[in-house]
Amino acid sequence: MSEIKPNDSAPGDDSEDETDWAAAKAFFDNLKTNKPRPPKPKNAVTIAVSSRTLFNMVEERRIYEEEGMEKYVDYQVEHENEPLKPGPAFPFVTALMNVNCRLRQLYPESEELFDIVLMTNNHAQVGVRLINSINHYDLTIERFCMTGGKSPIGYLKAYMTNLYLSKDGEKVTEAIEEGIAAATMFMQDKQLETSETELRVAFDGDAVLFSDESEIIVKQSGLDTFFEHEKEFENHPLAQGPLKCFLVALGKLQRKFYAKNERMNCPIRTYLVTARSAASSGARVLKTLRSWGLEIDEALFLAGAPKGPLLQKIRPHIYFDDQMFHIEGAKEMGTISAHVPYGIGQKYHKGELIEQPEKKK
């Protein structure tokens, strides 16, 4: 899995890159502007969002599917001065921008910020409407990647992406297979207000922050065997899952606030929302996080209870889970949800096997 970028590269690795950046910075420093400049990718926490997650493009997608690419492009050009409506990732992106404002107040020269990249397979002709919409909402998004109908996944590593959000499950799966944290976003069924001062990110545990090794035992051998296994291996950290690296990135930025004695006013808050029971299987989870040197602000062990009502109280800007029935329950109650298509849970729905495992040869 991709990890947060280090501040310092190995000697000699990127001297040409540093020279290029220095030249570019010197040029732009001579240009007067009030807009903040994007940080270097290696210093930033890079969030790549597709155009259909940032904006609501349901009608545009319908035109594309029913009438074809040319009609779709024509429609976008004709409506390029009409701002697109916010999509599922919009509150998350605005919350990232608010955190950046706080970081710049404390560290005016630091480049350890969120950098939002619009990563889309749209054609360049559609770019004007996207730019106009971003400017309409005053979003700080300067980097675009428009691939003209081709998959953008190959560019994610070049952009040093920490998290990729899309509405295309196949592209998300492809990104995870490339070792990049990724999730498929869904629009909630009803609108809940989210915090304007605090970025709230909620994670499921197994097959999201952690590997699916324990979930495999639950599915194949039942809860009693699972409880026995977790007790036996309580002091053995779980392997990392696809979104561990994103939690690492959030933790790094949180510690910048702690260093300024701003722990109680930190604008980033993280939640672990797991179906595990605390007494029977919670210790291994908490000890794993400790072994990684990570903190989670709130750990909620539900012992199999539905997650939707609790998430409705948290009101996260994004909630990650590997199982679609949890996603469906959450978004029905207004939670902005993102599916992580990883692990054995993809073969089950509500505990029922929907895909037969491959037979061993």
Side-chain angles (χ1 to χ4, degrees), residues 3-4 45 47 89 91-103 105-107 112-114 162-163 165 181 183 192-210 237-238 240-279 281-303 305-322 326 330 333-338 340:
E3 298 288 350
I4 188 166
V45 177
I47 312 296
F92 177 60
V93 166
T94 56
L96 298 177
M97 291 168 49
N98 289 336
V99 173
N100 278 353
C101 289
R102 289 283 306 280
L103 282 167
Q105 289 171 1
L106 296 175
Y107 301 92
E112 291 180 304
L113 305 162
F114 290 110
N162 291 96
L163 177 68
L165 299 173
L192 289 179
E193 288 186 8
T194 52
S195 173
E196 295 183 358
T197 59
E198 187 176 64
L199 167 65
R200 299 177 185 173
V201 183
F203 300 89
D204 178 35
D206 295 297
V208 176
L209 290 180
F210 316 115
L238 290 153
Q240 73 174 46
L243 262 68
K244 181 242 185 175
C245 56
F246 181 52
L247 180 60
V248 170
L250 292 176
K252 180 180 180 182
L253 294 185
Q254 282 180 310
R255 287 191 293 275
K256 291 177 71 67
F257 289 97
Y258 302 165
K260 295 288 188 177
N261 200 29
E262 290 284 324
R263 178 180 285 269
M264 300 306 295
N265 295 314
C266 179
I268 303 172
R269 193 161 187 85
T270 55
Y271 303 78
L272 173 67
V273 183
T274 174
R276 284 179 178 245
S277 56
S281 59
R284 190 180 185 197
V285 163
L286 297 178
K287 288 183 177 181
T288 296
L289 291 171
R290 184 191 301 166
S291 74
W292 290 347
L294 296 178
E295 296 183 41
I296 201 92
D297 292 303
E298 298 190 28
L300 306 164
F301 295 88
L302 302 187
K307 298 180 179 181
L310 189 140
L311 288 165
Q312 189 179 36
K313 298 296 183 182
I314 296 172
R315 300 193 177 192
H317 292 91
I318 192 165
Y319 163 62
F320 298 100
D321 203 297
D322 67 302
H326 286 312
M333 300 192 74
T335 296
I336 305 167
S337 303
V340 182

Does F257 reach the side chain of V99, with side-chain heavy atoms less than 4.5 Å apart?
->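 Result yes, sub-4.5 Å side-chain heavy-atom pair found.
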Can you check whether R315 reaches S195 side chain to side chain, under 4.5 Å on heavy atoms?
->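 Counting from C-beta outward, R315 and S195 never come under 4.5 Å.
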Spacing of [atom1] belonging to [X] relative to [atom2] belonging to [Y], to within rounding of 0.5 Å:
| X | Y | atom1 | atom2 | value |
| --- | --- | --- | --- | --- |
| R200 | H317 | CZ | NE2 | 7.0 Å |
| T335 | I314 | OG1 | CD1 | 8.0 Å |
| Y319 | K307 | OH | NZ | 3.5 Å |
| L247 | K252 | CG | NZ | 14.0 Å |
| F210 | D322 | CZ | CG | 12.0 Å |
| C245 | L250 | SG | CG | 10.0 Å |

Looking at every heavy atom in both [X] and [Y], which two are closest together, and how far apart are they?
| X | Y | answer |
| --- | --- | --- |
| N162 | V45 | OD1-CA, 3.4 Å |
| A330 | S337 | CB-OG, 3.5 Å |
| P242 | A181 | O-CB, 3.3 Å |
| L253 | E112 | CD2-O, 3.5 Å |
| L199 | L96 | CD2-CD2, 3.8 Å |
| I268 | Q254 | O-NE2, 3.0 Å |

Output yes when a side-chain donor or acceptor of [X] lies under 3.5 Å from a complementary backbone atom of [Y], and no otherwise.
| X | Y | value |
| --- | --- | --- |
| S277 | A279 | no |
| N100 | F114 | yes |
| T270 | V201 | no |
| Y271 | P316 | no |

Reference residue V273; test side-chain contact (heavy atoms from CB on, under 4.5 Å); the match among D204, D321, L311 |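 Option passing the side-chain contact (heavy atoms from CB on, under 4.5 Å) with V273: L311.
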Of the options T194, I318, L192, which is the one that meets P91 in a side-chain contact (heavy atoms from CB on, under 4.5 Å)?
->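 Of the listed options, the one satisfying the test is T194.
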Which of parallel (below 30°), tilted (30 to 60°) and perpendicular (above 60°) describes F320 and F246?
->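 Aromatic pair F320/F246 classed perpendicular.
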Any chance you could lay out the side chain to side chain contact (heavy atoms under 4.5 Å, CB included) test for L294 and V248, step after step, and finish with the verdict?
-> CA-CA 7 Å; L294 296 178; V248 170; 3.9 Å; yes
Enumerate donor-acceptor pairs with a distance under 3.5 Å from any side-chain N or O in residues 258-267 to protein atoms, sequence neighbours excluded.
| from | atom 1 | to | atom 2 | distance (Å) |
| --- | --- | --- | --- | --- |
| E262 | OE1 | R102 | NH2 | 3.4 |
| R263 | NH1 | E295 | OE1 | 3.2 |

Does F92 have any ring pair (Phe, Tyr, Trp, His ring centres under 6.0 Å) partners at least two apart in sequence or in another chain, and if so, which?
->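 None.
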Apply the test side chain to side chain contact (heavy atoms under 4.5 Å, CB included) to residues L286 and F301: give CA-CA distance (whole Å), side-chain angles for both, the deciding distance (0.1 Å), then the verdict.
-> CA-CA 11 Å; L286 297 178; F301 295 88; 4.2 Å; yes
